[in-house]
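Inspection log for the structure reproduced underneath, given as structure tokens.
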Amino acid sequence: MALLESKKNRGEVRIHESLEELSTDLADYIAELSEASVKERGFFAIALSGGSLISLMRNLCGAPYNKTVDWSKWYIFWADERVVAKNHVDSNYKLAKDHLLSKLPIVPSHVHSINDSLTAEEAANEYEFVIRQLVRTRVVNVSDVSDCPKFDLILLGMGPDGHVASLFPNHSVLEEKNEWVTFITTSPKPPPERITFTLPVINSAANVAVVVTGIGKAEAARLVIDDVGPECPVLPARMIEPAVGKLVWFLDNQAGSKLKCFSQFSK
Ligand SMILES: O=C(O)[C@H](O)[C@@H](O)[C@H](O)[C@H](O)COP(=O)(O)O
């Protein structure tokens, strides 16, 4: 693995030789953050996304993490969710439950998924309300620099169009400054109805990790990580700039192949 500091505060970039190496590193990274957070605050509040991220977290289900991680202190959230029934094939909750959560001893009442019987707007409002209650009791930490929750870790994937969570390019949702959780009904990636954390919430997290794999995302990765100048299109992933938190990019060598730093890595 190559560890690189990006230019202009775009965070730490980790480029991996293979998906297996990335999965191992990702599990180590999450386990370390969990340990530090439990030691410091007694809780680990982690937000997941959908997509390939979940299968890349698979190593957490095996040794040594199944024994060494304090799963009883984990509180699970979703940075974005598709507004479908929980048993629907498109549900991010179902994806995480089937491939991750059902294999880990996480306390069921610590799993905070959306209410799937509501409209997208209602589900977003209710989800924000749930998070507000947990901020009040400090299960979710509070930001010292904004009026936002400070998740211990927000895990994101990125689409080839540069979207993260359900924040899509050229969508008014990118302007949302007041809500913690908002909704869209016109997602260009199906299904159309989704709820999503807003940029202020993502940028208030203690740690944000973006996991990006495959050659189809190499150009977007270049545009959001490299210093490409003012002609760069406005891509949601480029708007991730944690105020005080730490940003880490987990790439495989295909997704990282167009980065300026890649040539020095591949020598
Ligand atoms: O529910 C979703 O659709 C997501 O949370 C979305 O933001 C996803 O993480 C990216 O589209 C990357 O998905 P892939 O890694 O599968 O390409």
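Every number for a ligand or one of its atoms is a count from 1 in the order of the listing. Numbering starts at 1 and runs along the sequence shown.
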Is there any N or O on Ser49 that sits under 3.5 Å from an N or O of ligand 1?
no
With the threshold set at 4.0 Å, does a side-chain nitrogen-carboxylate oxygen contact exist between Arg194 and Glu81?
no
Please state whether Glu81 comes within less than 4.0 angstrom of ligand 1, counting heavy atoms only.
no
Quick one: does Ser166 get an N or O within less than 3.5 Å of an N or O on ligand 1?
no
Within the 4.0 Å heavy-atom shell around Arg82, which atoms of ligand 1 are there?
1 (O), 2 (C), 3 (O)
Arg194 heavy atoms, cut-off 4.0 Å: which ligand 1 atoms fall inside?
1 (O), 2 (C), 3 (O)
Could you list the donor-acceptor pairs under 3.5 angstrom formed between side-chain atoms of residues 134-141 and any protein atom two or more places apart in sequence or on another chain?
residue: Thr137; atom: OG1; partner: Gln133; partner atom: O; Å: 3.4
residue: Thr137; atom: OG1; partner: Leu134; partner atom: O; Å: 3.3
residue: Arg138; atom: NH1; partner: Val135; partner atom: O; Å: 2.6

Considering the heavy atoms of Met158, write down every atom of ligand 1 situated less than 4.0 Å from one of them.
12 (C)
Test item: Thr24 side-chain N/O and Glu20 main-chain N/O as donor-acceptor pair under 3.5 Å
yes
If the cut-off is 4.0 Å to any non-hydrogen atom of Lys217, which atoms of ligand 1 fall inside it?
14 (P), 15 (O), 17 (O)
Please indicate whether any nitrogen or oxygen in Gly159 is less than 3.5 Å from any nitrogen or oxygen in ligand 1.
no
Is the NZ or CZ atom of Lys73 positioned over Phe43's six-membered ring, under 6.0 angstrom from the centre and within 45° of the axis?
no
Under-4.0 Å heavy-atom contact with ligand 1, by part of Asn92 that carries it
side chain
Quick one: which ligand 1 atoms are inside 4.0 Å of a heavy atom on Ala165?
6 (C), 7 (O)
With a distance cut-off below 6.0 Å to the six-membered ring centre and an angular limit of 45° from the axis, does Arg132 pair with Trp180 as a cation-pi contact?
yes
Please check this pair: side chain of Asp152 against backbone of Ala45, looking for a donor-acceptor N/O pair closer than 3.5 Å.
yes
Are the side chain of His16 and the backbone of Leu251 linked by a donor-acceptor contact shorter than 3.5 Å?
yes
Taking atom 9 (O) of ligand 1 as the reference point, the nearest protein heavy atom with its distance:
Gly50 O, 3.3 Å
Go through the steps for Ser34 and Ser37 under the test side chain to side chain donor-acceptor pair (under 3.5 Å), then give the verdict.
CA-CA 5 Å; Ser34 160; Ser37 176; over 6 Å; no
Give the residue, atom name and distance (to 0.1 Å) of the protein heavy atom nearest atom 4 (C) of ligand 1.
Asp80 OD2, 3.3 Å
For His163, the ligand 1 atoms whose distance to one of its heavy atoms is below 4.0 Å
6 (C), 7 (O), 10 (C), 11 (O)
Hydrophobic cluster membership, with links at side-chain heavy-atom distances under 4.5 Å among I/L/V/M/F/W/Y: are Leu199 and Val244 in one?
no
Distance to 0.1 Å, residue and atom name: give those for the protein heavy atom nearest to atom 8 (C) of ligand 1.
Lys189 NZ, 3.8 Å
How far is atom 15 (O) of ligand 1 from the closest protein heavy atom, and which atom is that?
Ser52 OG, 2.4 Å
Does Phe77 have its ring centroid less than 6.0 Å away from the ring centroid of Phe197?
no
